[in-house]
Amino acid sequence: MVKSVMVVLKHLIYGGTEKYTLNLVNSLAEKGISVTLVSGEGPLAFHISPNVNLHIMPISRNPRIKEITQRKIFEIAKACNPQIIHTQCRTSMVNSQAARTLLHLPLVTHEHHMYDTKDYPFIVDELKNGSEKIITIGPYTARKLIHNGIKKDRIVSILNGVDVENVLPITSAERLFTRKSLKIHRKDKVVVCLSRLEPGKGIDKLALGFIEVIRQLPQTKLFIVGDDQTNLVKTFLKELIEKNMLQGKI
């Protein structure tokens, strides 16, 4: 049975990977497992359980920063003596290689994302010798990794769960202010999608499906919140809204 684990995360910002890690380390600590979390800074740090041994430091691919971070992670791992290292992305995996190699620790890395087909050769090249096991959030990424050369027995797909009792608090005043500023009527039914706006996230399918929702439930609004570095999804949504007269609905 695992009694001690080190988890390495790029940063503690508000995001899916980060919220998953928050739930993971707090739940493990609650079960009496010794948990050491090494991560870049971010607002979720304030929600980490006091029973988790938290170390804040930059997790980066910058060669100069990475050299220092690898040494620090090695020193922390040597002191806390984990049975396993669980990294939450390839950047944190790369930064954990010194600890893995010098201390002969098994390393599991977690692929929280889906990627464009053109990116997989580089991803597979890093994963090939970077960890003993790879966790994917679904079968799609697992199939793509296997297709590009990763052995099937190295991959485990674990769907993300949601801890419905562990939600970040929001006050009544914050709720009322938000509804007023976004012009949400008290009878409106609200759907929120919080995500990076990129093609692989399926936001186009969500918006297209919402057209049927509006037909059946006219007092429904869809809020899509996220950054769009390519501008592709934003352009698609603008055209969809204009074509279907969904102003004020999406």
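Only this structure's heavy atoms are used, side chains among them; waters, hydrogens and symmetry mates stay out.
Under the side chain to side chain donor-acceptor pair (under 3.5 Å) criterion, T87 pairs with T109, not counting sequence neighbours. With sequence neighbours left out, R61 forms a salt bridge (Lys or Arg N to Asp or Glu O under 4.0 Å) with E126. Residues forming a side chain to side chain donor-acceptor pair (under 3.5 Å) with D228 (at least two apart in sequence, or on another chain): T230. Checked against salt bridge (Lys or Arg N to Asp or Glu O under 4.0 Å), K144 has no partners two or more places apart in sequence or in another chain. For H112, the ring pair (Phe, Tyr, Trp, His ring centres under 6.0 Å) partners at least two apart in sequence or on another chain are Y20, H110. Residues passing the side-chain contact (heavy atoms from CB on, under 4.5 Å) test with C193, sequence neighbours excluded: S195, I203, L206, I224. Applying the salt bridge (Lys or Arg N to Asp or Glu O under 4.0 Å) rule to R215 yields the partners E212; only residues at least two apart in sequence or on another chain are considered. When the salt bridge (Lys or Arg N to Asp or Glu O under 4.0 Å) test is applied to E111, the partners found at least two apart in sequence or on another chain are R90.
Every pair passing side chain to side chain donor-acceptor pair (under 3.5 Å) that includes a residue from residues 218-227 is listed here, sequence neighbours excluded: D188-K221. Each side chain to side chain donor-acceptor pair (under 3.5 Å) pair with one or both residues in residues 173-182, not counting sequence neighbours, appears once here: T171-E174. Each salt bridge (Lys or Arg N to Asp or Glu O under 4.0 Å) pair with one or both residues in residues 230-245, not counting sequence neighbours, would appear here, but there are none.
Here the CZ-CG distance, from F74 to L103, works out to 5.0 Å after rounding to the nearest 0.5 Å.
Taking a 6.0 Å sphere around NZ of K249, one finds it holds more than 12 heavy atoms contributed by other residues, nucleotides or ligands.
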Residues 28-46, side-chain donor-acceptor partners within the protein, below 3.5 Å, at least two apart:
none

